There are 2 protein chains.
Amino acid sequence: MRVLLTEDNEGLANSIVHYFTDNGHAIDWVSSAEKADSILAHDEFDMLILDVNLPGKSGFELLSSLRLRKNPLPVLILTARADIDGRVSALDLGADDYLVKPFDLRELAARCRALAKRERGKSDNEIQCGNLVFNSATKTVKIDDEIIELRPREVQMLELFLTHLDRMLTKDDIANRLYNFGEAYTPNAVEQILTRLRKQIQGSTLIIKTVRGMGYLAHVHD
Amino acid sequence: MRVLLTEDNEGLANSIVHYFTDNGHAIDWVSSAEKADSILAHDEFDMLILDVNLPGKSGFELLSSLRLRKNPLPVLILTARADIDGRVSALDLGADDYLVKPFDLRELAARCRALAKRERGKSDNEIQCGNLVFNSATKTVKIDDEIIELRPREVQMLELFLTHLDRMLTKDDIANRLYNFGEAYTPNAVEQILTRLRKQIQGSTLIIKTVRGMGYLAHVHD
DNA sequence: TTATACCTGTCAGGTTGATGTCAGTTTCGG
DNA sequence: CCGAAACTGACATCAACCTGACAGGTATAA
């Protein structure tokens with residue numbers, strides 16, 4: 001999961017960054033809404049953790065401008081008790097969730113996980129690709145309406161390829177998706193999973209091509 | 001059924017929680033609209049029981065902010081006689097039902113059942129699934145017209161599976177439905193209940209498949 | 001109160017199956 | 001044709017899962 005954290009308190013930001021990194025997520029930190037805005041303009045994230053109380057432009061302003069632009073990025077708001085206006089919930093402003101400081105990091109992580117999951121489940125959780133249909137809710141794969149049983153690792157890998165069609169993925173890119181930070185892995189393990197996945201999806205129009213020395217590339221054939 | 005109760009009177013809240021728990025529902029209790037708001041942000045419930053008279057943000061405010069966000073969650077309002085002129089606006093604000101204090105717990109339970117039923121859009125509260133028929137009002141199960149006696153836990157689990165046919169449910173998904181907030185559980189407890197449920201419903205066309213490493217998936221066989 | 005039945009979680013032992021490793025083979029670029 | 005990279009069958013390991021047995025708790029009746 002790739003997260004953008006917008007928080008002006010450096011100590012708190014550091015703890016969060018550490019915690020997320022340790023748990024195998026990519027997290028970037030900016031200290032103001034303006035910087036967040038400019039990063040969001042050209043980079044993709046899975047979610048935004050946003051402090052409301054920021055120097056300059058406030059978190060709420062950033063949020064509402066995002067929503068005005070119909071940006072559906074999941075946003076989790078961090079607020080101090082004092083920031084709460086009894087009448088208006090952060091949710092009314094378009095946040096997907098919020099947490100009142102002080103909070104437990106594990107709580108924050110759990111909320112983020114839930115949010116990412118919810119988001120994935122929301123939008124038409126079927127990815128079609130030639131004669132192959134992947135349903136992320138049921139974790140099932142069909143080829144020509146025939147159900148294929150995949151193991152968890154294969155599902156992860158397939159999902160990655162399907163969301164990165166026609167893009168080069170290095171073995172490390174793949175491994176980073178399959179393994180948590182700190183977990184050891186060998187290139188061969190990735191190859192093995194790939195072999196198994198290929199065997200399962202043979203007969204589909206999805207081809208995972210090897211680019212020798214570089215990585216892999218999935219595309220639809222015919 | 002999973003219910004969220006928002007009520008600042010601890011004695012009353014306790015009675016309600018007890019009554020609902022005894023009747024096989026999962027019910028969580030919070031004492032303020034703010035807390036309710038925060039829990040609703042990230043957890044799913046089948047309905048909300050909401051006292052209007054709360055310290056801080058009122059029940060009405062919570063309700064209207066929910067509806068502003070197009071949250072269709074069934075809401076049952078609890079009002080004191082003094083608030084009675086508010087009941088018109090309760091329905092206007094998007095409440096689905098209301099009850100004037102003091103009330104009988106059985107009355108409350110009945111209203112909730114009715115509400116949940118209405119929400120499911122069923123004229124009767126029977127779920128049929130192959131040769132298995134589940135009646136959510138009487139909590140009885142029939143297989144080929146033969147009545148099967150299930151224990152409360154098994155009923156909860158069966159109901160969950162029946163309302164989520166052909167969808168993957170992780171052990172955590174299941175546990176969240178079976179256990180109240182804060183209650184501890186082990187994965188094994190879930191497995192045990194499942195073993196017992198499977199034994200009971202063998203002979204039915206409802207199959208609960210294990211998807212190793214992911215969760216469980218219920219579907220109708222043949 | 002005591003006795004009884006029942007529900008449900010825990011424990012422990014057994015089974016299964018996913019997955020990483022190894023080793024031998026194949027493929028590809030230079 | 002050589003060497004490195006990738007492929008893949010076989011295997012071992014270990015976590016996930018299943019389930020019988022048991023025990024603590026609770027409700028019910030005598």
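Just so you know, these numbers come straight off a predicted model, no measurement behind them. In the text below, chain A, chain B and the rest are named by the order of the sequence lines, each starting its count at 1.
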Item to complete: Check the side chains of A/T210 and A/R198 for a donor-acceptor pair under 3.5 angstrom, ignoring hydrogens and angles.
Response: yes
I'd like a table of atom pairs between the protein and nucleotides 22-25 of chain C - only N or O on both sides, under 3.5 Å - with the distance next to each one.
from: C/dC22; atom 1: N4; to: A/N188; atom 2: OD1; distance (Å): 3.2

Worksheet item: Can you check the B/E183 CD to C/dT8 P distance for me, whole Å?
Response: 12 Å
Fill in: Candidates B/E159, B/R153, B/E154 - the one meeting side-chain hydrogen bond (donor to acceptor under 3.5 Å, both in side chains) with B/Q156
B/R153
Discussion item. The side chain of B/T186 is closest to which nucleotide in this list: C/dT10, D/dT19, C/dT19?
Written reply: C/dT10
Discussion item. Nearest to the B/Y216 side chain among D/dC18, D/dA6, C/dA18, which nucleotide is it?
Written reply: D/dC18
Worksheet item: With no angle test and no hydrogens, is the base of C/dG9 tied to the side chain of B/R153 by a donor-acceptor pair under 3.5 Å?
Response: no
Discussion item. Given C/dT8, C/dT19, D/dA6, identify the nucleotide with an atom nearest to the side chain of A/R196.
Written reply: C/dT19
Fill in: Residue closer to the 5' end of DNA chain D, B/K171 versus B/D22 (nearest nucleotide)
B/K171
Discussion item. Using heavy-atom distances to pick each residue's nearest nucleotide on DNA chain C, tell me which of B/Y185 and A/R151 is more 5'.
Written reply: B/Y185
Item to complete: Note the angle between the end axes of the helix from C/dT1-D/dA30 to C/dG30-D/dC1, five pairs defining each, rounded to 10 degrees.
Response: 30°
Worksheet entry | Proximity to DNA chain D (any heavy atom under 4.0 Å), residues of residues 197-213 of chain A only | A/R198, A/K199, A/T210, A/R212, A/G213
Discussion item. Can you give me the closest heavy-atom contact between B/C112 and B/F20, atom names plus distance?
Written reply: SG-CZ, 3.7 Å
Worksheet item: Could you give the CD1-to-P distance, from A/I174 to D/dA6, as a whole number of Å?
Response: 11 Å
Discussion item. Ignoring hydrogens and geometry beyond distance, is a side-chain donor-acceptor pair present between B/K199 and B/T195 at under 3.5 Å?
Written reply: no
Worksheet item: What's the closest nucleotide to the A/E191 side chain, out of C/dT8, D/dC7, D/dC18?
Response: D/dC7
Practice prompt. Quick one: closest heavy-atom pair of A/T138 and B/L217, and the distance?
Written response: O-CD1, 4.3 Å
Fill in: All pairs passing salt bridge (Lys or Arg N to Asp or Glu O under 4.0 Å) where residues 171-191 of chain A contributes a residue, at least two apart
A/K171-A/E191
Discussion item. I need the full list of salt bridge (Lys or Arg N to Asp or Glu O under 4.0 Å) pairs touching residues 207-217 of chain B, with sequence neighbours left out, sorted by first then second residue.
Written reply: A/E149-B/K209
Item to complete: Would you indicate whether the side-chain heavy atoms of A/F161 and A/I174 approach each other to under 4.5 Å?
Response: yes
Worksheet entry | Of B/L150 and A/A184, the one whose closest DNA chain C nucleotide lies more 5' | B/L150
Worksheet item: Between A/D172 (CG) and D/dA6 (P), how many Å, whole number?
Response: 11 Å
Discussion item. Whether the B/N131 and B/T205 side chains hold a donor-acceptor pair (N or O, under 3.5 Å, no angle test) is what I'd like checked.
Written reply: yes
Worksheet item: Between the main-chain N or O of B/D97 and the side-chain N or O of B/R111, is there a donor-acceptor pair closer than 3.5 Å?
Response: no
Practice prompt. Any pair with a residue in residues 185-222 of chain B that passes ring-ring contact (aromatic ring centres under 6.0 Å, His included), sequence neighbours left out, goes on the list, sorted by first then second residue, please.
Written response: B/Y179-B/Y185
Worksheet item: Is it true that a side-chain atom of B/S38 and a backbone atom of B/E34 form a donor plus acceptor pair closer than 3.5 Å?
Response: no
Item to complete: Provide, to the nearest angstrom, the distance between the CG atom belonging to A/L194 and the C1' atom belonging to C/dA18.
Response: 17 Å
Discussion item. Base, sugar-phosphate or nothing for A/P187? Non-hydrogen atoms, less than 4.0 Å.
Written reply: nothing
Practice prompt. Please state how far atom CD1 in B/I193 lies from atom P in C/dC11, giving the value in whole angstrom units.
Written response: 15 Å
